[in-house]
Structures are given as structure tokens and as C-alpha cells.
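In the text below, chain A, chain B and the rest are named by the order of the sequence lines, each starting its count at 1. All values below were derived from every heavy atom in this structure, side-chain atoms included, with hydrogens, water molecules and symmetry-related copies excluded.
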Number of protein chains: 2
Amino acid sequence: MTAGAGSCGSDLNRRHIGFDRFGAGPAECRSPGRDRLMTYCVGMLLDAGLVLMSDTRTNSGVDNISTFRKMFSWHVPGERIITLMTAGNLATTQSVISQLEERNKVPGDRHPSILEAPTMFQVAGEVGRMLRRVVEGPGEFPDPAEGPEAEGARFTASMIVAGQIAGMEPRLFLIYPEGNFIEASFDTPFFQIGETKYGRPILLRGYDRAMGFEEAVKLLMVSFDSTLAANLSVGLPLDLMVIARDGFAQLHQRRIAADDVYFRSISRGWSEALRRAFQSLPAYDLAGADAAP
Amino acid sequence: MTAGAGSCGSDLNRRHIGFDRFGAGPAECRSPGRDRLMTYCVGMLLDAGLVLMSDTRTNSGVDNISTFRKMFSWHVPGERIITLMTAGNLATTQSVISQLEERNKVPGDRHPSILEAPTMFQVAGEVGRMLRRVVEGPGEFPDPAEGPEAEGARFTASMIVAGQIAGMEPRLFLIYPEGNFIEASFDTPFFQIGETKYGRPILLRGYDRAMGFEEAVKLLMVSFDSTLAANLSVGLPLDLMVIARDGFAQLHQRRIAADDVYFRSISRGWSEALRRAFQSLPAYDLAGADAAP
């Protein structure tokens, strides 16, 4: 579709290209076409840069739960960093990631590589087009009732794309299955995908664009802890990435497992702190309030 | 379907039958068939009895928001109290409520009245059958593609039924659109319907079966406050009902409007208490944690 990206004179092969995949968990998978990344991912824009967190649970039903990474990152030191998080059908998201990787390895291919795109806006557009093509499917279904529309609804996915290219601002995008996308601003400074509701109230209350990375990571951990407590389809370990403005590399990245000391202290501490917060509020007065007839 | 309920010798007409509807809000409604009760209702079982809360917002799109009650209660003083909360399609839930009311007024009708059912289990069964019939529709659709199944998916609803009949325990049921239902126990002591996720984490953490009504109402208000803050489809005023064990009447009922002093103090206090709780947790240490390669 997209015409000759080979014409972008590329000095990419001369650079050190860091492609970072987080250490994989057990990748057993009985019915890959139906696996859903029922997932929780958050990307957050701060004055200081970007903070991203994702879980790793995927399931084809509660009896078939696996661990898959949902955070992928590419960077060209000193020039750009691009991180992507995925939610939805696993076959769909893996296909998009694989295509992105293949294009990065063969930059002279007919599609532009996201490592060559001149702006983050164009990176988001390219990821969106790729996602839409995969969701729509190859169009091989002879029966219209089983065609792309019918399948598309089941094999759907959404993504968060975050990053920065030298000379421009850090940017954060939410990409819909249809391939279109929206960008975060300081009015709407974070995006969530997947199982977003349990962990949203604390994000709404705790977020502050001026907060440091240490506080932002804490906020994300509390949001994930609330989600983990309420929903089986989101599970440990978590992947964390911190991208400092103008760093063009991961300032910090980490896989947070169930035995992580800090996460455990947050999880336990938040439970206690919530209880204290709840107790600090005045109790309702059945007698004092005016009862209905 | 159900055979001669008229044979249940009824002394119902001799009793004082209290039917309580909460004061109605503005009931303007431009397209009633499509109105959705996108709603938040919680029913909670305590050692002391039952506490119920519902919002009142209904919408056919964000440009058409109205206020409708979603909590309905019937009681026979000293003998039984039955309270019902609804979520889903407004035409469906109003039809079920109207049919329940009509049967209560004409107890000799062919269907058993929920005020005559010998147990809460049978009350739940009767409400479930009625809900299922309404969701399935009248079967008037000539085109199968527009038939009950297709419509049913859009005109769906679920309900919470709570109450107590003299000589038996207080009971709490969640009724699915298909008409089947589950009952709360002290393993699963509360049910939520509608927009359930935002307010679930605090319920999971704050619930204690031994808590008093005053604390339970506070917990529900915090859960509703978190939901209201995150989602437009849930709105004030709220309806609250407290049913004491063996009371067979509302111990306390109230409509909580936006200017309610206690709700405002909870809303503001919770926001501040959460912030303090969050600040009381240790910040993440980017340097101290072992970073990935």
C-alpha cells in the first residue's frame, strides 16, 4: 500500500540499534487464535518524561492462563526511543509486533520502518495501519458471515505507543483497532488499555504532571494492585519502563515479579492505608439524617 | 404459564401493604426503547441485615440523560420486605416493575404475587421468570434476524433482589437477564450491577460482615463516589435503603442529592484521605532497584 520507503536514505545500519524484549515467561499456549490479552497497561505523560507499565497475563479461558510480554521497545541511542504496549487478541498483537520487528531488520523493505519515521505522529500512524490490516484479516473467508467484520470483532486489539525523537517532545498515543489514534495532552495525560476501570479512580486522583518518576511508579503500582486484587485476567509479573525526556534510552526498566519487595510493600501498605483512610472518614448517622416517610 | 396462584388462600387484602417508590425525578424521555440504565447498584449482606444503594442516571446517549429511580420496595409490616434494584434497558426494567406492581394490586391474578411467595427464593424465581419474558420480547418479529434473540441482546437487564420474610433469614439475589439467579453468602456477600468495576476495589477491601449500618453506608458512599468520579453514566442523586434483620420494614431510606452534606463530606474527605494514604507509602527507588540491562 504505502509507497517506496526504500527511498528514505537510511544510515540505520551504521547505528547501534537496541531492540529490547523483556525476558519471556512460559510461552505455552494451547489455542493461540483465541488467546486474549485481557491485560492492563498504562502509559503516562509527565513533565519529566514517560512512565509505562503493563501486566503479562493472557488467557483463553480461566483454565488456560499464560504469561506473555505486552511491552516492546526499540531505541536508537541519542536519537529515538519507541515503546509499544498491547491489549486484545494475542495472535493479532504478536503479528503486529513481528511485522514491526521484521521491518526494523530489513529497513529497505517497501514499508517505512518506525525507526525511520520522521515524527512520533508518523510512527503512530504506521502502527495503526499495521494493526488495522491485521484486525481486518487476510480476507480469505468464503462465507461473509465468517468474514473480516465478523472475525475482526473477536480478533481485535488496541495499543499504546509512547516515545520521543530527537528535537521533538515526548509523545503518547492510544491506537484503536480501526487504526486511528488519539494523542495524550496534559488535559488527558495518561492512557489505559485492557481492564482499565478498577485502577482508574486512583490514577484520576493521584496524577500530577509535575510528579517525579518515583512517585509516578508508585501511583502505577497502586493502580495495578487494585486491578490485580479485583480481576483474574490481569496478573503478575509486571513490566515497568521509565523514559526520561531527551534520554532516548530507557532510564529504567524492570520486570516486577510476585516476590518483588517494593511491590509487596505497596500492596500491603496500600491495603492498610486505605483502611485507615476509610476509618478517618465520619460514619453515616442513621438517626441524624432525615429519613423518608 | 404458572398455574392458579389464586388458590393460595390470601389474607393479603386485610393487611396494610406498604408500597414505597422513591420520589421521582424529571421523567422526560425522548426515545424510551433505547434508554439504558447504565447505572450502578450495590446490595450488601451484613450480620445486621441488608444495605442497598443505587444511582438514578439513565441515558440514551450522553446528550439525553434523565433521572429514573432504580430502587423499588414493597413490604408487609412485620411479615416481609422485598427490595429490587435494576440495571439495563429502561423499557425492560420498567415493564418488569409495572407487572410486579399490577400483580401486587390484583393478588387473585393467575400469577403468584411476590408478596404471597412463601420464600425469598421463590420471589427471586418469580422476578427472574418475569425478567426473562420481557427480555425475550413478545415474539412479534416476522424476521428472525430481528427476533427475540437479536433484540434480547439490546433490551437486556439484570436485577438485585433483597429482602426477608418472617421466620427466615435476610437474603440477597442477583438475577440475570436469562432469568436464572445466584444468592449471596458470606463468601460473596455483596452484588453489584451496572458500572461495577470502578467501585469494586474499595468494597473488596472495606467489607466486613460484622460492620454496622453506619460503616456500611459510608463504604457504599465511597464506592459510589469513586464510580461517579470516573464515569458519566452513573449520576446523583443516589437512593439508599437500610433493612434491619427481623425489621420487615425500611429501617432507613433516603435520597442523597448533590447537596447532601454527608455525601459531600465523604466525597471531599475521601479524596484527601486517598492522597494522604498514597503519600504515606514509600516512593519507588529508581537507583536502588536492579535495572534491566
Side-chain angles (χ1 to χ4, degrees), chain A residues 20 22-23 195-202 204-206 212-222 225-227 229-231 240-242 250-256 260 262 265-266 269-293, chain B residues 20 22-23 195-202 204-206 212-222 225-227 229-231 240-242 250-256 260 262 265-266 269-293:
Chain A
D20 313 283
F22 287 79
E195 195 56 82
T196 61
K197 295 184 179 182
Y198 302 109
R200 188 168 178 81
I202 186 63
L204 288 173
R205 279 169 164 129
F213 290 132
E214 288 82 0
E215 287 290 296
V217 170
K218 182 170 85 171
L219 182 59
L220 288 178
M221 288 212 184
V222 169
D225 181 57
S226 292
T227 308
N231 197 300
L240 163 67
M241 185 176 293
V242 176
Q250 299 82 349
L251 175 67
H252 181 75
Q253 89 183 38
R254 180 115 168 283
R255 175 156 282 199
I256 295 145
D260 184 272
Y262 179 71
S265 80
I266 288 294
W270 183 239
S271 210
E272 284 159 21
L274 269 189
R275 224 181 310 273
R276 279 196 307 274
F278 181 69
Q279 283 161 0
S280 76
L281 298 179
Y284 186 71
D285 182 0
L286 289 186
D290 32 319
Chain B
D20 313 284
F22 287 79
E195 195 56 82
T196 62
K197 295 182 178 182
Y198 303 107
R200 188 169 178 80
I202 186 63
L204 289 172
R205 279 170 162 129
F213 290 132
E214 288 83 359
E215 286 291 295
V217 171
K218 182 169 85 171
L219 181 60
L220 288 178
M221 289 212 183
V222 169
D225 181 58
S226 292
T227 308
N231 196 301
L240 163 68
M241 184 176 293
V242 176
Q250 300 83 346
L251 175 66
H252 181 75
Q253 88 183 37
R254 181 118 167 278
R255 176 155 282 202
I256 295 145
D260 185 271
Y262 180 71
S265 81
I266 288 293
W270 184 240
S271 209
E272 283 160 20
L274 269 190
R275 224 182 310 274
R276 279 196 306 274
F278 181 69
Q279 282 161 1
S280 77
L281 297 179
Y284 186 70
D285 182 2
L286 289 186
D290 31 321

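The parts of Leu219(A) that come within reach of chain B are both its backbone and its side chain, each placing non-hydrogen atoms under 4.5 angstrom from that chain. Looking at Phe278(A), both its backbone and its side chain come within 4.5 Å of chain B, counting heavy atoms on both sides. In this structure, chain A has heavy atoms under 4.5 Å from both the backbone and the side chain of Leu274(B). Contact annotation for Glu272(A): neither backbone nor side-chain heavy atoms come within less than 4.5 Å of a heavy atom of chain B.
With salt bridges taken as basic N to acidic carboxylate O contacts below 4.0 Å, one links Arg205(A) and Asp225(B).
Highest contact tally toward chain A, considering only Met221(B), Arg276(B), Glu214(B), is held by Glu214(B) [criterion: heavy-atom pairs under 4.5 Å]. Across Ser280(A), Ala277(A), Ala273(A), the residue that shares the most heavy-atom pairs under 4.5 angstrom with chain B is Ala277(A).
Taking Tyr262(A) as the reference, Tyr284(B) meet the ring pair (Phe, Tyr, Trp, His ring centres under 6.0 Å) condition, with sequence neighbours excluded. Under the salt bridge (charged side-chain N to carboxylate O under 4.0 Å, His left out) criterion, Arg200(B) pairs with no residue, sequence neighbours left out.
Nearest heavy-atom pair, Glu215(B) versus Ala283(A), reported as atom, atom and distance to 0.1 Å: OE2-CB, 3.6 Å.
Proximity of His252(A) to Val217(A): side-chain heavy atoms (C-beta onward) are nowhere separated by under 4.5 Å.
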